[in-house]
Amino acid sequence: MTKHLLTWTSVLTTLALAEQPSAPKPVAAPMRELPWGQLNFMQTTDTHGWHAGHLQEPQYSADWGDYISFADRMRKKADDMGVDVLLIDTGDRIEGNGLYDASDPKGEYTYDIFKEQSIDVLSTGNHELYQSDAAQREYEKTVPNFKGNYLASNLDYINPKTGQAIPMAQRFRKFTTKNQGIRVLAFGFLFDFTGNANNTVVQPVEKTIEEKWFQDAIREDVDLFLVAGHVTPRGPEYKAIYKAIRSQKWDTPIQFFGGHSHIRDFTKYDSKAYALQSGRYMETIGWLSIDGIKGKGKKTDPKEVGTEASYTVQRRYIDNNLYGYHYHTGLNESTFPTEHGKNVSTFIHQARKSLKLDYNYGCAPKDLWLNRAPYPSNDSLLTWLENEVMPDIIFSKERKDVPTLAITNSGAMRFDIFKGSFSRDTTYIISPFVSKFNYIKDVPYKSAKGLLKLLNNNGPIFSTAGLHTSQLAPPEQLSILTDIIAPAQPAKDVYTSGGAQAPLLSSDAPDLIPGYTTKDDSGDDGDDTLHAPISFYQVPNCIQSPISFPSSGEPEKVDVVFVDFIQPWVLLALQFSGEGYTSDDVLVYSEETLTDMMAAWIKKNWGQDC
Ligand SMILES: *[C@@H]1O[C@H](CO)[C@@H](O)[C@H](O)[C@H]1NC(C)=O
Ligand SMILES: *[C@@H]1O[C@H](CO)[C@@H](O)[C@H](O)[C@H]1NC(C)=O
Ligand SMILES: *[C@@H]1O[C@H](CO)[C@@H](O)[C@H](O)[C@H]1NC(C)=O
Ligand SMILES: *[C@@H]1O[C@H](CO)[C@@H](O)[C@H](O)[C@H]1NC(C)=O
């Protein structure tokens with residue numbers, strides 16, 4: 001176990017910072033104002049450890065310390081106007097960035113960094129629950145750090161001493177807002193997740209809403225029901241909660257905050273029920289304002305915050321950078337940062353240094369895109385993995401020269417590679433998983449050759465076995481599938497495929513920076529920054545590299561090598577092809593993780609001169 005000696009006191013000795021010193025400066029861009037209402041929200045979700053911000057993308061270069069300064073300035077603004085601001089976080093705070101993943105045990109600094117923000121309602125994501133040690137840390141650190149505000153409506157923790165299931169945190173929370181006196185009843189949900197470690201119990205949402213405590217809660221007399229959760233706004237779980245509340249309160253406003261599919265989205269259920277989802281990876285701070293809500297308070301400046309007459313909900317997706325933070329607060333480089341925010345930025349910087357996250361494995365010769373370039377193509381990260389990396393790293397002395405099909409799922413890759421330094425941090429950003437390779441020997445080629453097609457066609461052979469192939473692809477593609485399963489609304493996404501979407505502005509604004517151009521139930525004016533659109537290309541669930549194949553003809557038998565995560569799908573597909581393999585036939589191919597093997601490949605093949 002590595003021991004790092006960083007404490008808050010050592011922060012004292014260094015100069016306080018705003019944002020990370022190596023962060024690229026944000027670029028000025030045309031902006032949209034934030035709409036203010038009686039009740040305003042800021043939401044983060046799916047931050048996945050990116051609390052240092054994006055150090056290779058100016059547009060998302062602010063860090064958690066800057067967000068702390070921003071929230072303080074906005075609360076002050078709200079107090080001056082006599083309105084309220086609440087902060088929400090809907091989970092998946094961990095896994096996906098060196099700041100969390102590079103320490104042993106993981107998250108050595110993350111929990112202390114995260115707790116510095118004051119958040120009014122937060123909930124758990126699936127990533128907090130995959131590993132039992134992470135679930136335990138969540139229970140022992142984050143829940144008490146946010147006592148009273150951390151909600152777990154359908155999640156229990158198993159006390160390791162007694163073996164008893166107890167609520168992970170309190171089921172709901174009732175409170176009254178400070179300035180407007182709005183009475184809020186809040187829940188915190190997780191979608192019907194089944195991949196959790198055995199020290200937690202996730203109860204299906206549809207069952208939880210039948211429980212007495214929930215049925216009592218939705219009969220309470222409040223001004224607003226607030227449902228925060230790691231749930232996609234267009235998925236079945238929120239529809240069930242919406243229907244349950246409406247069956248008791250036909251007219252009380254309901255505000256949902258969602259997460260999980262990593263997109264920016266805003267959904268209308270009815271004229272007083274809406275859902276916001278605020279993207280991923282500290283790229284986006286979601287902003288939502290509500291007007292026309294009952295409450296005891298009075299707004300001081302109705303002109304500025306809109307009319308109280310009708311119920312109005314407006315949203316903005318704030319790009320997480322200092323240019324925007326200065327713009328929205330009317331402050332500048334010297335007046336914007338708070339001492340607290342600067343402290344946290346400095347602590348993050350020292351944590352990154354202590355974890356050696358800038359250690360350079362090699363220099364990427366060009367950008368490689370996960371979803372921004374078509375697959376296959378030379379700019380595709382998956383093509384690079386399939387043609388260059390896999391054939392090199394899949395090698396075993398015992399099975400040398402045996403024809404091999406090596407299969408990995410596209411969801412094993414989480415982000416793009418940018419031209420320039422591929423650092424220790426980048427390894428966790430690209431592939432935070434501990435996936436290793438397994439294999440099955442001597443599979444008849446007539447069956448093995450159909451495997452990839454079966455894995456990629458989302459066919460019913462998997463769903464009837466309760467295995468959803470959507471879990472194999474990057475989560476950004478979930479929204480597309482969700483809309484197929486629950487087609488209540490037309491498909492919405494941050495990007496459109498093939499660059500078909502028209503730019504926001506015509507050719508008289510040629511200098512827009514590429515970025516999010518979100519279309520949601522409220523139109524296409526949600527982003528706070530005007531961007532040139534980026535294309536989104538769907539990628540297959542899995543890719544495959546043939547290795548050591550004969551130069552002509554087909555081999556009779558092959559070894560099938562695959563990342564361990566996809567084993568249930570591989571076995572099922574082989575059974576479907578008439579091969580009776582079980583997990584007893586599966587052998588370990590390598591002890592190294594895909595991530596480590598990729599890092600070693602980069603060290604060997606990419607130069608050090610960025
Ligand atoms: C949970 O899983 C671990 C590791 O697989 C096992 O050792 C333990 O007995 C399991 N605990 C329960 C309560 O099933
Ligand atoms: C920031 O704003 C303050 C107050 O308006 C002003 O005095 C100062 O010169 C500004 N600083 C910069 C760097 O623009
Ligand atoms: C900033 O950090 C210093 C050193 O740890 C501490 O003394 C001070 O109270 C902190 N200030 C705020 C506002 O967090
Ligand atoms: C892709 O890369 C290969 C190998 O470097 C090259 O031969 C080919 O021309 C490239 N294709 C395109 C469309 O650039």
Check: K106 and R137 side chains under 4.5 Å, non-hydrogen atoms: yes
Aromatic plane relationship, H51 with W64 - under 30° parallel, 30 to 60° tilted, over 60° perpendicular: perpendicular
Are D80 and K76 close enough for a salt bridge, meaning some N to O gap below 4.0 Å? yes
Evaluate the side-chain proximity of W50 to L99: yes if any heavy-atom separation is below 4.5 Å, no if none is. no
Between A52 and I348 the two heavy atoms that sit nearest each other are CB-CG2, 3.6 Å
Write down the atom of T45, the atom of G279, and the distance for their closest heavy-atom approach. CG2-O, 3.4 Å
Could you check, using the six-membered ring where one of them is a Trp, whether Y325 and Y323 have ring centers closer than 6.0 angstrom? no
Aromatic ring centroids of Y60 and Y281 under 6.0 Å? no
Which word best sums up how the rings of W606 and W601 line up, parallel for under 30°, tilted for 30 to 60°, or perpendicular for over 60°? perpendicular
Between W369 and W384, is the ring centroid distance below 6.0 Å? no
With the side chain counted from C-beta on, respond yes when P474 and L370 share a heavy-atom pair under 4.5 Å apart, and no when they do not. yes
Relative to the ring of F336, is the ring of F70 parallel (under 30°), tilted (30 to 60°) or perpendicular (over 60°)? tilted
If we count only N and O atoms by modelled type, under 3.5 Å, do the side chains of E116 and H340 hold a donor and an acceptor together? yes
From Q38 atom CD to S289 atom OG, the distance as rounded to the nearest 0.5 Å: 10.0 Å
Closest non-hydrogen atom pair, H48 against H262: NE2-NE2, 3.3 Å
All heavy atoms of M597 vs all of I393, minimum pair found to be CE-O, 3.3 Å
Would you say the side-chain atoms of R73 pair up with the backbone N or O of P337, donor to acceptor, closer than 3.5 Å? yes
Could you tell me how the ring of Y359 sits relative to the ring of Y361: parallel (under 30°), tilted (30 to 60°) or perpendicular (over 60°)? perpendicular
Starting from the C-alpha separation in whole Å, work towards a yes-or-no answer on salt bridge (Lys or Arg N to Asp or Glu O under 4.0 Å) for R280 and E476. CA-CA 9 Å; R280 60 169 192 185; E476 287 74 8; 2.7 Å; yes
Tell me yes or no: between the side chains of Q608 and N360, is some donor less than 3.5 Å from an acceptor? yes
Would you call the rings of F41 and F257 parallel, tilted or perpendicular, where under 30° means parallel and over 60° means perpendicular? tilted
Can you list the residues that meet the side chain to side chain contact (heavy atoms under 4.5 Å, CB included) rule with T142, with sequence neighbours excluded? R93, Y111, L122, E138, F146, Y150
If we count only N and O atoms by modelled type, under 3.5 Å, do the side chains of R183 and T176 hold a donor and an acceptor together? no
Show the numbers, then the answer: is there a side chain to side chain donor-acceptor pair (under 3.5 Å) between D89 and T44? CA-CA 5 Å; D89 183 88; T44 47; 2.6 Å; yes
How long is the gap from CD1 on I285 to CD1 on I318, to the nearest 0.5 Å? 7.0 Å
Indicate whether any N or O donor in one side chain lies under 3.5 Å from an N or O acceptor in the other, for Q277 and S261. yes
So, for I513 and A28, which heavy atoms are closest and what is the spacing to 0.1 Å? CD1-O, 4.2 Å
Check this for me: K366, atom NZ, are more than 12 non-hydrogen atoms of other residues, nucleotides or ligands nearer than 6.0 Å? yes
Interatomic distance, N97 atom CG to F415 atom CZ [nearest 0.5 angstrom]: 10.0 Å
If you take all heavy atoms of D416 and R372, which pair is closest and at what distance? OD2-NE, 4.3 Å
A side-chain contact here means heavy atoms from C-beta on lying under 4.5 Å apart; do L226 and I88 qualify? yes
Salt bridge (Lys or Arg N to Asp or Glu O under 4.0 Å) between D425 and R352, worked out: CA-CA 9 Å; D425 199 15; R352 293 191 80 262; 3.0 Å; yes
Fit a plane to each ring of Y109 and F347, take the angle between them on a 0 to 90° scale, and name the class: parallel (under 30°), tilted (30 to 60°) or perpendicular (over 60°). perpendicular
Answer whether the closest heavy-atom distance between the side chains of L129 and L155 falls below 4.5 Å. yes
Any side-chain donor paired with an acceptor under 3.5 Å for Y327 and E33? yes
Using a 4.5 Å cut-off on heavy atoms from C-beta on, say whether the side chain of S69 contacts that of Y67. no
For residues D84 and Q180, is any side-chain donor paired with an opposing acceptor at under 3.5 Å? no
Could you walk me through whether K342 and D66 satisfy the salt bridge (Lys or Arg N to Asp or Glu O under 4.0 Å) test, starting with their C-alpha distance in whole Å, then the side-chain angles of each, then the deciding distance to 0.1 Å, before giving a yes or no? CA-CA 7 Å; K342 285 195 288 187; D66 300 319; over 6 Å; no
Check whether F175 forms a cation-pi arrangement with R173 (NZ or CZ under 6.0 Å from the six-membered ring centre, at most 45° off the ring normal). yes
Rounded to the nearest 0.5 Å, how far apart are CG of D72 and CD of E339? 11.5 Å
Distance only, no hydrogens: is a donor on one side chain within 3.5 Å (strictly under) of an acceptor on the other, for E283 and N320? no
Output, in order, the C-alpha distance, side-chain angles, deciding distance and verdict of side chain to side chain donor-acceptor pair (under 3.5 Å) for S423 and T426. CA-CA 5 Å; S423 65; T426 320; 3.0 Å; yes
So does K356 have more than 12 non-hydrogen atoms from other groups sitting under 6.0 Å from NZ? no
Approximate separation, where rounding is to 0.5 Å, of Q136 CD and I158 CD1: 12.0 Å
Minimum side-chain heavy-atom gap D192-V202 below 4.5 Å: no
Say whether, by atom type as modelled, one donor and one acceptor occur between the side chain of S345 and the main chain of G341 under 3.5 angstrom. yes
Testing D520, D528, D265, D527 one by one against R315 for a salt bridge (Lys or Arg N to Asp or Glu O under 4.0 Å), which residue passes? D520
Rounding to 0.5 Å, atoms CD1 (I534) and OG1 (T517) come to a distance of 7.5 Å
As a quick check of understanding, evaluate side chain to side chain donor-acceptor pair (under 3.5 Å) for S132 and N199, giving each step before the final call. CA-CA 6 Å; S132 60; N199 60 345; 4.6 Å; no
If only side-chain N and O atoms count, and only distance matters, is there a donor-acceptor pair under 3.5 Å linking H230 with D92? yes
If you apply the rule side chain to side chain donor-acceptor pair (under 3.5 Å), what do you find for H531 with D319, and how did you get there? CA-CA 11 Å; H531 284 297; D319 276 6; 2.6 Å; yes
Residue set satisfying salt bridge (Lys or Arg N to Asp or Glu O under 4.0 Å) with D596, at least two apart, ordered chain then number -> none
So that I know where these two stand, are H260 and F191 an aromatic pair - ring centroids less than 6.0 Å apart? yes
Side chains of L276 and Y317: closer than 4.5 Å at any heavy-atom pair? yes
Using a strict threshold of under 4.0 Å (side-chain N to carboxylate O), is an ion pair present between D101 and R424? no
Side chains of D79 and N179: any donor to acceptor distance under 3.5 Å? yes
Which of parallel (below 30°), tilted (30 to 60°) and perpendicular (above 60°) describes Y130 and H127? perpendicular
